[in-house]
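Chain letters run A, B, ... following the sequence lines, proteins first and then strands; every chain starts at 1.
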Amino acid sequence: MPDVPEKLTKPYEPSLTESRIYKLWEESGFFNPDNLPCANTSNLKPQTFTVIMPPPNANGRLHAGHALTIALEDIMIRYNRMQGKKTLWVPGADHAGFETQVVYEKKLEKEGRSRFKMDRQDLYKEIMEFTLESKKNMEADVKALGASCDWSREKFTLDPSVVSEVQETFRKLYRDELVYRGYRTVNWCTKHQTALSDVETETTEKNDKLYYIKYGPFVVATVRPETIFGDVAIAVNPKDPRYQKYIGQTIEVTHPENTLKLLVIGDDEVDREFGTGALKITPAHDHNDFRMSETHKLPRVEVIDQFGKLNDKAGKYAGMKIAEARVKVVEDLQSLGLIEKIEDYTHAVPSCYKCNTVIEPRVMPQWFIKMAPLAKRAADAVRAKEVRFVPDNFEKIFLYWMDNTIDWNISRQIVWGIQIPAVICKICNKGDLDTNTPAGTPCPCRGVFVADTDTFDTWFSSGQWPLLALGYPNTKDLSYYPTQVMETGRDLIFKWVPRMVIFGLYLTGKAPFHTVYLHGMVNDKQGKKMSKSKGNVVSPIDLTTKYGADALRISLVVGNTPGNDLSLIEEKIKGYKHFCNKIWNATRFVLTNIGNTTLDTERPSLSLRDEEIFKELDSVVVSVTTHLESFRFHLAGEKLYHYFWNTFADTIIEEMKPRLAEDGDSKKSAEWILLHILSINLKMLHPFMPFLTEEIWGMLPSSKNPLIIEPWPKYSPQ
RNA sequence: GGGCGAUUAGCUCAGUUGGUAGAGCAAUCCGUUUACACCGGAAAGGUCGGGGGUUCAAGUCCCUCAUCGCCCACCA
């Protein structure tokens with residue numbers, strides 16, 4: 001019996017293989033496309049294949065969804081690398097502005113500290129230290145999963161070059177009049193003390209009361225009686241015969257604290273069927289009412305401050321929190337006989353997606369991006385099929401989003417982020433680029449321009465990520481742009497994907513990727529979303545330790561169709577660990593039975609039955625290749641699994657056993673068949689199960705290059 | 001109120017252009033034959049959510065209903 005490596009005589013043990021093999025790959029340099037054979041041999045420009053990794057948040061460990069991302073992207077990358085393409089996968093880390101700030105604030109809270117009592121610079125420095133430390137852990141997790149990405153090109157969203165380019169984009173938008181300083185209602189979180197974009201709010205069902213309040217000749221229905229001090233008008237539908245006669249009149253309304261003069265306006269937006277058909281207008285604390293104040297030129301009276309308390313406009317209610325004031329105001333209105341009735345009412349209320357605090361719309365000066373023209377270009381590109389979606393029904397969702405944009409508030413009142421390169425006047429709220437107007441310049445309003453301390457919404461920088469990750473505007477790597485595939489979670493179809501398309505088109509005229517592959521969410525075994533509060537979070541690193549990265553990877557991919565959610569079932573991973581061992585044991589059998597046959601041994605003459613075996617293998621190669629080209633990774637993986645186990649191991653090996661016991665040509669050809677089928681299987685399995693296959697590849701007699709750069713099998717060897 | 005997805009074997013899910021239903025796990029029986037018990041073999045298990053339609057043929061296309069899930073939404 002020929003010698004087989006000692007480790008092959010025992011069951012497969014991933015922990016003895018994985019970190020060693022990863023190191024081998026790193027040292028080979030093949031993660032970097034500049035070192036690939038195709039980069040150095042041909043004088044022709046080799047075809048490139050590029051994927052930009054969605055940069056994981058550098059504020060914790062990877063979760064199960066990341067593992068799916070890594071598995072899918074690494075499959076694409078390894079497959080295309082083996083196809084001989086100049087293949088680049090750029091890793092990154094996201095500072096994740098508000099997300100990280102929230103994580104860090106929780107940490108501060110536990111220590112009995114508060115960001116509001118800290119110096120901006122000190123806070124920034126602390127979060128930076130925390131982030132850089134977390135970043136290391138996150139990167140170790142990415143490596144543990146086997147990601148064959150080019151670490152020499154890794155980017156962090158707070159790298160100085162990234163920061164300055166993000167700021168430059170803002171300046172360009174400003175010059176192109178696509179960014180403006182607006183004074184409008186924004187989504188204000190009273191806990192986190194910052195404005196949020198619409199995608200950072202979550203609507204939750206709330207049971208409230210609907211109060212019918214007498215307003216002079218009207219009765220208006222409202223859930224927010226505490227805002228009556230900010231009322232400036234009553235709106236009715238102009239077609240409503242009940243109220244038509246009042247339109248244009250000013251009516252006097254008595255409240256507990258004061259008497260208001262309210263203009264009656266007619267507006268088609270008012271639903272005649274809801275409530276009483278008459279609506280009180282509070283422009284400073286309601287997005288709708290604000291819009292009406294624009295069309296009808298109404299004043300805006302602020303009555304709630306940044307902490308969610310009533311201000312002195314509310315007289316004796318000043319200083320009270322919203323909930324408390326509501327109770328008191330209702331009591332007082334009732335004693336004045338001004339409440340006609342109170343109904344139970346269930347409605348959807350936007351709240352902060354991090355702390356669930358009800359969002360308070362507040363009028364604030366902030367920077368906004370004009371979305372309509374940018375979104376139109378993105379929609380056009382998608383309609384022209386310059387960008388396609390897998391699965392394709394996401395195209396509809398994307399287009400719906402692009403056709404219904406509202407201007408994007410990019411100012412955040414937090415320190416953790418990229419500072420907006422602007423100056424503002426705190427008196428008149430005018431703003432300008434820092435490069436146009438240096439801080440300290442007097443403002444015509446007799447104020448003075450000071451540096452804006454606000455930071456960008458994190459999606460403003462991540463929206464430019466495909467370019468930033470390639471070092472834009474530095475041209476060295478721009479030959480990799482546009483990239484081929486953007487693979488990410490389906491929840492990012494509106495948070496992230498459109499912004500990347502928009503900025504890619506805006507900055508270069510080209511969409512940043514041709515294909516958007518969206519995977520579903522990885523849920524727990526009951527199909528429930530994983531969350532820390534539910535305590536059902538499963539760490540991919542724990543699973544890797546227990547079953548091996550290969551088993552985890554392929555179990556996440558097989559049976560998982562794009563766009564659909566996946567239940568993470570440990571039994572399934574265990575099943576694929578068994579598959580790893582099956583491959584391991586089949587290899588042991590082959591290597592102990594092939595005598596002197598090597599990968600270089602010439603093809604012997606084959607029987608008719610042997611030809612059939614290779615014909616079947618050919619059809620597997622064709623089908624696996626087609627599936628991979630068509631993003632059907634789940635089918636490619638399943639096909640390989642069954643071919644290896646049921647056909648190769650159960651049938652072909654068994655069939656060859658008697659021949660191996662003989663002597664002569666039949667034995668020789670049997671040896672050759674076994675080694676070659678094993679070798680072709682290893683190549684095709686490599687993108688799915690890189691560690692195990694690379695380890696075994698190195699044991700095959702006369703294998704030279706590492707498997708990572710072996711050519712993808714096209715057809716059976718002749 | 002709108003949109004999307006799902007509904008297939010006990011469980012988790014596949015089933016690409018329509019052509020007589022598949023896998024893993026679980027459960028049943030047999031087997032320890034020198035790659036592997038993290039194994040092999042055998043058998044069992046589904047009127048593909050209901051109803052209609054198109055077709056020679058439908059899990060697959062169309063309509064409709066039901067249930068579940070997700071997302072979006074400015075009727076105060």
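Of the listed nucleotides (B:A76, B:C38, B:A35), B:A35 has the atom at the smallest distance from the side chain of A:Phe589. Among the nucleotides B:C38, B:C72, B:C74, the one closest to the side chain of A:Glu269 is B:C74. With B:A35, B:C72, B:C39 as the choices, the nucleotide that has an atom nearest any side-chain atom of A:His578 turns out to be B:C39. Listed candidates were B:C36, B:C38, B:G3. Nearest to the side chain of A:Asn585 is B:C36. Ranking B:C36, B:C4, B:A35 by closeness to the A:Lys396 side chain, first place goes to B:C4. Side chain of A:Asp650, nearest nucleotide from B:C72, B:C4, B:G41: B:G41.
Between A:Asp268 and A:Lys239, at least one side-chain nitrogen of the basic residue sits less than 4.0 Å from a carboxylate oxygen of the acidic one, meeting the salt-bridge criterion. Ion pairing between a basic and an acidic side chain is recognised when a charged N comes within 4.0 Å of a carboxylate O; A:Asp403 and A:Arg383 show such pairing. A salt bridge does not link A:Arg291 to A:Glu294: none of the charged nitrogens lies less than 4.0 Å from a carboxylate oxygen.
A:Phe579 comes within contact range of no nucleotide atom at all, as no heavy-atom separation falls under 4.0 Å. Within the 4.0 angstrom heavy-atom criterion, base atoms lie near A:Glu654. Residue contacts shown for A:Lys529 are absent, as no nucleic acid heavy atom lies under 4.0 Å away. Nucleic acid contact class of A:Lys528 (heavy atoms, under 4.0 Å, all strands): none. When heavy atoms are screened at a 4.0 angstrom cut-off, A:Asp491 is found touching no nucleic acid atom at all. When heavy atoms are screened at a 4.0 angstrom cut-off, A:Gly637 is found touching no nucleic acid atom at all. Counting non-hydrogen atoms under 4.0 angstrom, A:Trp401 reaches the backbone sugars and phosphates but no base. Using a 4.0 Å heavy-atom criterion, one finds that A:Ala649 contacts the bases of the nucleic acid, with or without backbone contacts as well. If you check every strand for non-hydrogen atoms under 4.0 Å, A:Tyr641 touches sugar and phosphate atoms only. At the heavy-atom level, A:Arg291 lies under 4.0 Å from base atoms of the strands shown.
In this structure, B:A6 and B:U67 make a Watson-Crick or G-U wobble pair, each of the two defining distances being under 3.5 angstrom. Within the shown strands, B:C30 is the pairing partner of B:G40 under the Watson-Crick or G-U definition, both distances less than 3.5 Å. The nucleotide B:U54 finds no pairing partner, because no Watson-Crick or G-U wobble arrangement with both distances shorter than 3.5 Å includes it. Across all strands shown, B:C13 forms a Watson-Crick or G-U wobble pair, both distances under 3.5 Å, with B:G22. Base pairing analysis places B:G59 opposite nothing; no Watson-Crick or G-U wobble pair with both distances below 3.5 Å involves it. Under the Watson-Crick and G-U wobble criteria, each requiring two contacts below 3.5 Å, nucleotide B:U47 is left unpaired.
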B/S/- contact track for nucleotides 9-20 of chain B, protein heavy atom under 4.0 Å: ---SSSSB----
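For B:C39, neither phosphate oxygen OP1 nor OP2 lies less than 4.0 angstrom from any side-chain nitrogen or oxygen of A:Lys582. A sub-4.0 Å separation between OP1 or OP2 of B:G40 and a side-chain N or O of A:Trp645 is present.
Looking at A:Glu200 and A:Ser197, their side chains do bring a donor and an acceptor atom within 3.5 Å of each other. Side-chain contact check for A:Thr276 and A:Arg242: no donor-acceptor pair (N or O, by modelled atom type) lies under 3.5 Å. Under 3.5 Å, the side chains of A:Glu360 and A:Thr190 contain no donor-acceptor pair of N or O atoms.
Of the two residues contacting RNA chain B, namely A:Glu571 and A:Arg588, the nearest-nucleotide position lying further toward the 5' end is that of A:Glu571. In terms of position along RNA chain B, the nucleotide closest to A:Thr203 lies nearer the 5' end than the nucleotide closest to the other residue of the pair A:His347 and A:Thr203.
Formation of a donor-acceptor pair under 3.5 Å by the A:Asn564 side chain with backbone atoms of A:Gly520 is not found in this model. Side chain of A:Lys572 to backbone of A:Val558: a donor-acceptor contact under 3.5 angstrom is found.
The nearest whole Å value for the distance from the OH atom in A:Tyr643 to the P atom in B:A23 is 19 Å.
Partners of A:Asp565 according to the side chain to side chain contact (heavy atoms under 4.5 Å, CB included) rule, which considers only residues two or more places apart in sequence or in another chain, are A:Arg490, A:Met521, A:Asn523.
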